[in-house]
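In what follows, a single structure is set out as structure tokens and then discussed.
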Amino acid sequence: PDARSLFIKEGSTTHVSVDNTGKVGIGTTSPGALLEIEGDTNSETFEHLTLRSTVDGNPSRVNMFFESGQGQLAKIEAEQRAGGSDAYGHLAFWTANAGTMTQAMTINYDGRIGQGTVSPAWNYDMIYSHATLGAMRLQNQGAFGTYNTLLQVDTFNSASANFQYLVCHSGNGSAINDIEFNLRGD
């Protein structure tokens, strides 16, 4: 650190430093980014950074924004739903298109992931409405002649002989499907 750096110390221990370029270090005297936080623990209960709302409500939100000179690019939002001892949270990822923020993905308190929906009804629930792009692609780019599993569906302890492991439908919205593929167990 340059002699023009600023340090906040307790005895000989430096807790906060600001170097001559304006970089702030918490727990380090040599920050490599505009803000660098360093701790000397690997405990999962150690908090390096906490963003906290003092509101206990339904909803209560804490946001982290990502911006450029053109405005907001994205945000990560933690939202409390319900209040008091019944509170539960979810995590939402937002992205911007032409200045409009849209919620792109949600992870609910119970682990359900929604892409294109803010209320996933399945463990992974993807909803999309695009006329020319497909919903998902699984592509193996391994060397020719090698064996790699592209998709594996495993279900254990199924009590039903007619349990549907994989069901694929394609159609134009009518009652009759154009293409249907069913793979059933036992």
Side-chain angles (χ1 to χ4, degrees), residues 1-128 130 133 135-142 148 152:
D2 186 280
R4 293 172 287 180
S5 297
L6 170 70
F7 300 101
I8 298 175
K9 294 183 170 192
E10 180 181 356
S12 62
T13 303
T14 300
H15 294 289
V16 179
S17 64
V18 181
D19 73 11
N20 62 349
T21 65
K23 294 178 182 174
V24 177
I26 300 175
T28 178
T29 58
S30 303
L34 289 176
L35 173 63
E36 184 172 327
I37 301 171
E38 190 175 296
D40 61 357
T41 182
N42 63 0
S43 167
E44 63 186 53
T45 60
F46 181 79
E47 298 178 21
H48 281 86
L49 177 65
T50 300
L51 305 176
R52 179 177 289 121
S53 170
T54 58
V55 176
D56 178 18
N58 182 17
S60 174
R61 294 180 180 93
V62 176
N63 295 299
M64 183 168 39
F65 290 89
F66 302 88
E67 298 181 352
S68 73
Q70 296 298 314
Q72 292 182 351
L73 300 173
K75 78 173 177 177
I76 300 173
E77 175 183 84
E79 180 181 38
Q80 173 184 324
R81 296 189 178 165
S85 61
D86 293 330
Y88 59 94
H90 86 268
L91 196 59
F93 298 86
W94 296 67
T95 56
N97 183 7
T100 301
M101 294 290 284
T102 303
Q103 190 169 333
M105 188 171 81
T106 300
I107 303 174
N108 277 355
Y109 72 97
D110 57 3
R112 288 180 290 163
I113 299 171
Q115 188 174 350
T117 177
V118 298
S119 301
W122 296 66
N123 285 328
Y124 180 73
D125 199 354
M126 179 174 31
I127 297 175
Y128 79 106
H130 198 283
L133 293 177
M136 181 171 50
R137 178 171 85 170
L138 303 174
Q139 183 179 26
N140 178 355
Q141 293 187 347
N148 291 307
Q152 181 170 328

Quick one: pull up NZ in Lys75 and CZ in Arg61 and give me the separation to the nearest 0.5 Å. 7.0 Å
Quick one: does Thr102's side chain have a donor or acceptor within less than 3.5 Å of a partner on Ala104's backbone? no
Looking only at heavy atoms, which two atoms of Asn20 and Ser5 are closest? And how far apart? N-OG, 3.8 Å
Inter-residue atom distance Thr28.OG1 - Ile37.CD1, 0.5 Å rounding: 11.5 Å
Side chain of Asp19, backbone of Gly22: donor and acceptor closer than 3.5 Å? yes
Is the shortest heavy-atom distance from the side chain of His90 to the side chain of Arg81 under 4.5 Å? yes
Tell me the closest heavy-atom pair linking Val24 and Pro31, and the distance in Å. O-CB, 3.6 Å
Using modelled atom types and a 3.5 Å cut-off, is there a donor and acceptor pairing between side-chain atoms of Ser60 and backbone atoms of Val55? yes
Glu36 and Lys23: side-chain contact (heavy atoms from CB on, under 4.5 Å), yes or no, with the steps? CA-CA 8 Å; Glu36 184 172 327; Lys23 294 178 182 174; over 6 Å; no
For the atom pair CG (Asn63) and CD (Gln72), what is the distance rounded to the nearest 0.5 Å? 9.0 Å
So with a 6.0 Å cut-off around CG of Leu34, is the heavy-atom count from everything else above 12? no
Closest heavy-atom pair and its distance - His15, Lys9: CD2-C, 4.3 Å
Work out which heavy atom in Pro120 is nearest to a heavy atom in Arg112; give both atom names and the distance. O-NH1, 2.7 Å
Could you verify whether a donor N or O on one side chain and an acceptor N or O on the other, from Thr14 and Thr29, lie under 3.5 Å apart? no
Side-chain contact test, heavy atoms from C-beta onward, threshold under 4.5 Å: evaluate it for Thr117 versus Thr106 and give yes or no. no
Sub-4.5 Å side-chain heavy-atom contact between Phe93 and Ile107: yes
Could you verify whether a donor N or O on one side chain and an acceptor N or O on the other, from Gln115 and Tyr128, lie under 3.5 Å apart? no
Using a 4.5 Å cut-off on heavy atoms from C-beta on, say whether the side chain of Ile26 contacts that of Leu35. yes
Spacing of Met126 atom CE and Ile113 atom CD1 [to the nearest 0.5 Å]: 11.5 Å
Between CH2 on residue Trp94 and CZ on residue Phe66, distance to nearest 0.5 Å: 14.5 Å
Enclosure of Asp110 CG (heavy-atom neighbours >12, cutoff 6.0 Å): yes
